[in-house]
Amino acid sequence: MNKGFMYFICLVAAMGGLLFGYDWVVIGGAKPFYELYFGIGDSPLLQGIAMTTALVGCLVGAMVAGAAADRYGRKPLLMTAAVLFTVSAIGTGLFNDFTLFNIARFVGGMGIGVASALSPMYIAEVSPAAIRGRLVSLNQMTIVLGILAAQVANMLLARDTSVAESQAWNIEWGWRWMFWAETLPAALFLVLSFFIPESPVYLRMKAERAAAKTAGNTAMATAGGGAQRFSTLISDRSLRRVLLLGLFIAVFQQWCGTNVIFNYAQEIFVGAGFDVDGMFINIVITGIANVVFTIVALYTIEKWGRRTLMLIGAGGLGLIYLTLGTCYFLGMTGMLMVALVVTAISVYAMTLGPVTWTLLAEIFPHRIRGIAMATCTFALWVGCCTLTFSFPSMNAALGSSGTFWIYSGICICAFIFLWHRCPETKGKSLETLEKELTAK
């Protein structure tokens with residue numbers, strides 16, 4: 001395959017990550033304004049529904065993506081994700097009814113679920129082994145660019161809330177344009193997805209099924225059934241061992257605690273002694289650090305290897321959160337707290353953020369990669385939901401210090417597990433990895 005064309009198709013697939021990041025974060029900036037527009041400012045229940053409908057969509061999208069990708073192909077699913085993002089971006093800003101608003105957010109969440117499973121898997125399947133980690137990391141690069149784009153768009157589109165006319169514009173139109181800004185990249189993703197080829201791994205799997213059908217091997221010929229492949233994934237001991245590794249890696253990426261800094265930045269920075277203006281500045285700083293150190297990951301993932309980076313991420317975050325929790329316990333505030341938070345984001349961005357997606361796209365045999373990747377992505381989003389829901393209660397019951405100490409303990413335990421179980425996949429073909437990781 002022509003090298004330039006290979007980079008092109010990988011970048012197109014990674015646009016799913018860009019929209020994933022934008023759609024995931026944009027609601028945070030729109031939240032104060034659509035809550036006033038829909039009159040739900042005094043209803044924690046309705047506020048929670050608005051914030052979680054996309055997460056529920058993520059679970060559904062991830063759940064159906066694997067079986068559909070193995071039956072119909074990777075390319076049609078990427079195109080489906082682009083359609084879902086486009087429809088959601090238009091509808092979320094357009095609807096004046098709260099129920100329809102949430103339906104549009106649910107559709108966007110389905111797009112996130114599909115893209116989060118398919119984009120890294122597609123890139124891994126079209127990439128040569130020598131640079132596969134770097135190319136799959138492009139997906140994480142676009143995710144963090146999408147996050148930063150949403151943060152910047154929210155800041156630019158929100159007008160001065162101290163001016164009555166500006167606040168009225170925010171409530172009527174500002175939050176709508178925050179969602180509508182996603183329409184252009186979503187439509188571009190859809191158009192460009194027509195020009196990428198189908199994954200060669202899927203085409204080979206399709207050919208194997210056709211050959212088996214011709215030879216009369218009914219079991220092999222019908223292997224596109226999601227339920228049958230999931231049953232095989234659970235019943236086969238060698239596959240089950242790899243699946244458990246993938247599930248652990250996926251859930252740990254969320255339960256390492258870093259994403260609460262994005263989801264609850266206001267509480268974290270206010271608790272560190274900053275006012276509202278300082279909080280917004282610090283949020284943008286964390287977004288920039290996220291991008292910069294994801295770029296670093298593009299260069300280190302092939303040099304240092306996946307296993308090394310995962311261990312650095314788990315161990316480094318364990319130490320940082322231990323220190324951060326101690327600082328909260330001692331009542332410390334100011335730039336030291338910002339420095340610790342930015343350091344945590346930086347470590348995550350160059351380790352657990354991109355490497356998790358790379359490993360998940362590499363470790364499964366091609367015949368069950370779709371359903372296995374979807375299962376792990378579903379688990380990842382369950383981890384995201386439980387992390388998001390548990391943080392306020394943990395923070396209220398244990399304080400910021402206790403909460404970050406718990407995250408530190410999780411990271412240290414994960415370090416021990418990864419030390420014993422995480423393989424090194426750097427520079428190995430997918431076929432070689434399949435033989436090594438599923439050896440009886």
Side-chain angles (χ1 to χ4, degrees), residues 62 65-67 69-70 74 116-137 139-140 199-202 204-205 208 220 223 226 228-253 301-314 351-380 383 413-440:
D70 281 348
R74 282 47 163 160
S116 60
L118 266 294
S119 291
M121 181 171 67
Y122 177 89
I123 295 171
E125 291 181 345
V126 302
S127 302
I131 56 172
R132 187 176 58 241
R134 184 176 302 167
L135 291 177
V136 176
S137 294
N139 186 66
Q140 180 68 17
S199 158
V201 172
Y202 170 75
R204 185 169 69 248
M205 184 170 64
E208 289 173 354
M220 178 67 182
Q228 181 177 345
R229 282 194 321 285
F230 185 76
S231 176
T232 301
L233 190 62
I234 297 298
S235 60
D236 188 309
R237 182 180 177 184
S238 60
L239 296 179
R240 187 167 64 243
R241 185 171 62 246
V242 180
L243 176 64
L244 290 175
L245 173 64
L247 289 172
F248 180 89
I249 292 171
V251 174
F252 173 57
Q253 193 213 44
I301 192 167
E302 299 297 356
K303 294 181 179 180
W304 296 3
R306 284 59 148 165
R307 172 184 163 83
T308 300
L309 289 174
M310 289 294 287
L311 292 173
I312 290 173
T351 59
L352 303 180
V355 181
T356 292
W357 294 112
T358 302
L359 280 172
L360 292 179
E362 291 177 331
I363 62 177
F364 297 111
H366 75 272
R367 69 185 185 277
I368 49 88
R369 184 173 294 122
I371 193 69
M373 185 74 178
T375 302
C376 291
T377 305
F378 178 82
L380 184 145
C413 291
F415 178 90
I416 297 171
F417 177 88
L418 293 170
W419 179 271
H420 291 286
R421 295 291 303 275
C422 186
E424 183 51 73
T425 61
K426 178 183 71 171
K428 299 177 181 179
S429 69
L430 295 178
E431 292 75 18
T432 299
L433 288 173
E434 178 173 343
K435 292 177 182 178
E436 291 181 356
L437 296 175
T438 60
K440 297 289 186 179

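Below, each value reflects all heavy atoms present in this structure, side chains not excepted, and no hydrogens, waters or symmetry copies.
Scanning for salt bridge (Lys or Arg N to Asp or Glu O under 4.0 Å) contacts around Arg369 gives Glu125, with sequence neighbours left out. For Lys428, the salt bridge (Lys or Arg N to Asp or Glu O under 4.0 Å) partners are Glu436, not counting sequence neighbours. Partners of Glu362 according to the side chain to side chain donor-acceptor pair (under 3.5 Å) rule, which considers only residues two or more places apart in sequence or in another chain, are Arg132, Arg306, Thr425. Scored by the side-chain contact (heavy atoms from CB on, under 4.5 Å) test, Thr377 finds Ala62, Ser116, Ala117, Trp357, Met373, Trp381 as partners (sequence neighbours excluded). Partners of Arg421 according to the salt bridge (Lys or Arg N to Asp or Glu O under 4.0 Å) rule, which considers only residues two or more places apart in sequence or in another chain, do not exist here. Applying the salt bridge (Lys or Arg N to Asp or Glu O under 4.0 Å) test to Glu424 and every residue at least two apart in sequence or in another chain returns nothing.
Side-chain atoms of Val126 and Pro200, non-hydrogen and from C-beta on, do get closer than 4.5 Å to each other. The closest side-chain heavy-atom distance from Cys422 to Leu311 is not below 4.5 Å. Within the 4.5 Å cutoff, side-chain heavy atoms of Cys376 are placed close to those of Leu243. Taking the side chain as every heavy atom from C-beta outward, Phe417 and Leu245 approach each other to under 4.5 Å. Annotation: side chain of Pro423 is not in contact with side chain of Leu433 (no heavy-atom distance under 4.5 Å). Annotation: side chain of Met310 is in contact with side chain of Leu352 (closest heavy-atom distance under 4.5 Å).
Using a distance-only test at 3.5 Å, with no hydrogens or angles considered, a donor-acceptor pair links the side chain of Arg307 to the main chain of Leu418. No side-chain donor-acceptor contact under 3.5 Å links Gln140 to the backbone of Val355.
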